[in-house]
Every structure is written in C-alpha cells, then in structure tokens.
Amino acid sequence: MMNVEKLTQRFETVFDRRQSSMLAETITEAYSELVKTGDFNELKAIVKDLADAQQRTEARMDELAQAQNRTEAEIGKLAQAQNRTEASIAAMTRAITGMAQELGGLSRSMSYSLENESYRNLPALLKTHYDITVYEKIVRLDLDGEEINLFARGERNGQPVYLVGESKLQLDERRNSRRAAEEILDQIDKKAEVVQRHYPDAEIVRVLITHYARPVVLQRAKERGVLVIQSFEW
C-alpha cells in the first residue's frame, strides 16, 4: 500500500498541492478502515468452522434424543415386565394361600377322621390292654371353656375313671415335632386338671391318640403318665 506522500505526488500531476494532499490522506484513512482480503478469508473460515460445529452439535443432540427415546422405551418395557411379574407373584401367592387352606382343611379332616376311629375302637382296646371298661360313648366335650376331644366315663378294678384324651396325627422326632409333642402333652394335663376338679375322687386316664409316634416320644409320654395309642394297634 502507498503512503500519503507518494499518493500526493501522483495526484499533483492533475491537482494542485493542497488538493492532492487532501485526497491522499482521505484515501489512506478510508483504506485503512477496510477489512483486508486475508482477514476476510480468515473470518469466513471461522464462520464455516462455527457452522460445522453447530451442525455436529445438532447431530449429537439428535443422537442423544434418539438414545433418550430408546431408554424411555426400555424403561417402559421394564415397567410392563415388572407389572407382569407382580401379577404373577400375586397369582402365585393366591395359589399358595389356597393350597395352604386346602392342606389345613385336609389336616383337620384327617384329625377328625382319627378321632372318629378312636371313638369306635378305643373301648375294646382299653378293655383288652388296660383293663378299663368304658361305660358311655366317647364324645367331645366342652368343660369350663376347655374343649376335650376324647371324654368318657369308665371303670378299672372297680374304681371309677374318666377318660381325657387328645389326638395328634403324627409325632415324629425327626421332623422337629418334639416341641409339638410336649405341647400336646401339656394340653392333656391342663384338660385333665379341669376334669379332676369336677370329679375329685375319680382317676383321670390321660390318652393321646396318633397314627405314629417315635420311641422317644412314647418314652416322654410314659414319663408323664399319658397313654399313647397308635391307630395300628386297633
């Protein structure tokens, strides 16, 4: 770029000195304020880089939006699967509850069946093995709020006796039922005490009816003075 002096000299070929100097200064100032070609090209490159970066950002945002949509879809699937799982668990719970109720009902039916068998078969067995004569039909009895499953009046060696008994389907030490055996023996003692209060002069014969009892249970019952009669004995 020419300086002011050179431009002034060139203009002096046409204009006077003062005009030439003013034109040179004006053109120099104007040119210095214009963007140079190199600067403009650099500016265009910067603008292009910014545009490319914007496009990449928009593309990345689109990928993130698609990923979010996929994530939300997976979450929806998981929620549906969880609902199905909860429904399955609820159905299984109802089935198990129903099964437990059925088993409980079956257990009660078997207990009643065992008691009914004992009502028919105990008198003869007691007479044969224990010399106890039962005068009356064996019945269930509620006495002072205590339910006695096996109750009857009888005689042994000319002395009055009262039969007080309970039933338990099975007493098996290997199945961790020792505590259950102790509990049923405690129940028989409690019911015998109630009957003894009503008949203080009579002997109370305590009986436990079961389908099967292991030797350790039989020994414990013997120690506590309870007759254990297993259903295969009649």
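Every value quoted in this text rests on a predicted model; they were computed, and no experiment measured them.
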Starting from Ile188, can I reach Leu143 by hopping between I/L/V/M/F/W/Y residues whose side chains sit under 4.5 Å apart? no
Grouping I, L, V, M, F, W and Y whenever their side-chain heavy atoms are under 4.5 Å apart, do Phe151 and Ile204 come out in a common cluster? yes
Which residues share a salt bridge (charged side-chain N to carboxylate O under 4.0 Å, His left out) with Lys190, sequence neighbours left out: Glu146
Does a side-chain heavy-atom distance below 4.5 Å link Asp62 with Gln66? yes
Residue pairs passing the side chain to side chain donor-acceptor pair (under 3.5 Å) test where at least one lies in residues 224-234, sequence neighbours excluded: Glu182-Arg224, Asp186-Arg224, Asp189-Arg224, His211-Ser231
Listed partners of Glu155 passing salt bridge (charged side-chain N to carboxylate O under 4.0 Å, His left out), at least two apart: none
Which residues share a side-chain contact (heavy atoms from CB on, under 4.5 Å) with Glu147, sequence neighbours left out: Asn149
Between Leu150 and Val164, is a side chain to side chain contact (heavy atoms under 4.5 Å, CB included) present by the stated rule, with each step listed? CA-CA 6 Å; Leu150 303 170; Val164 176; over 6 Å; no
Scan for ring-ring contact (aromatic ring centres under 6.0 Å, His included) pairs involving residues 188-209, sequence neighbours excluded, and state none if there are none. Tyr162-Tyr199
Closest non-hydrogen atom pair, Ala181 against Val217: CB-CG1, 4.0 Å
Tyr119, Val161: one ILVMFWY side-chain cluster at the under-4.5 Å cut-off? yes
Do you know which two heavy atoms are closest between Leu114 and Thr210, and how far apart they sit? CD2-CA, 4.0 Å
Residue pair Thr26 / Thr28, side-chain heavy-atom distance below 4.5 Å: no
Before you tell me yes or no, could you show the steps for Leu227 and Val205 under side chain to side chain contact (heavy atoms under 4.5 Å, CB included), namely the whole-Å CA-CA distance, both residues' side-chain angles and the distance that decides it to 0.1 Å? CA-CA 8 Å; Leu227 300 180; Val205 178; 3.8 Å; yes
Suppose the criterion is side chain to side chain donor-acceptor pair (under 3.5 Å): which pairs have a residue in residues 69-79, not counting sequence neighbours? Gln68-Glu72
Verdict with reasoning, Leu126 to Ile229, per side chain to side chain contact (heavy atoms under 4.5 Å, CB included): CA-CA 10 Å; Leu126 291 172; Ile229 298 176; 4.0 Å; yes
For Ile89, which residues count as a side-chain contact (heavy atoms from CB on, under 4.5 Å) partner, sequence neighbours excluded? Thr85, Thr93
So, using side-chain contact (heavy atoms from CB on, under 4.5 Å) as the criterion, who are the partners of Gln9 when residues are at least two apart? Glu5
When rounded to the nearest 0.5 angstrom, what is the spacing between CZ in Arg153 and CD in Glu136? 4.5 Å
Residues joined to Met61 in its hydrophobic cluster, side chain to side chain under 4.5 Å directly or through other members, sorted by chain and number, are Leu64
What's the shortest heavy-atom distance between Pro123 and Ile138, and which atoms? CD-CD1, 4.0 Å
Nearest heavy-atom contact between Ala202 and Gln196 is O-NE2, 3.0 Å
Show every side chain to side chain donor-acceptor pair (under 3.5 Å) that has at least one partner inside residues 120-131, sequence neighbours left out. Lys127-Thr133
If the test is side chain to side chain contact (heavy atoms under 4.5 Å, CB included), which one of Asp144, Ile148, Leu163, Leu141 qualifies with Val195? Ile148
Carboxylate-amine/guanidinium proximity below 4.0 Å for Arg140 and Glu115: yes
Show your working on side chain to side chain contact (heavy atoms under 4.5 Å, CB included) between Leu208 and Lys168 and close with a plain yes or no. CA-CA 7 Å; Leu208 175 58; Lys168 184 72 175 177; 4.2 Å; yes
Residues forming a salt bridge (charged side-chain N to carboxylate O under 4.0 Å, His left out) with Arg60, sequence neighbours excluded: Glu63
Check side-chain contact (heavy atoms from CB on, under 4.5 Å) between Glu58 and all other residues, then give those that pass, not counting sequence neighbours. Gln54
Starting from Leu122, can I reach Leu169 by hopping between I/L/V/M/F/W/Y residues whose side chains sit under 4.5 Å apart? yes
Quick check: is Val134 connected to Val139 through a chain of hydrophobic side chains (ILVMFWY, heavy atoms under 4.5 Å apart)? no
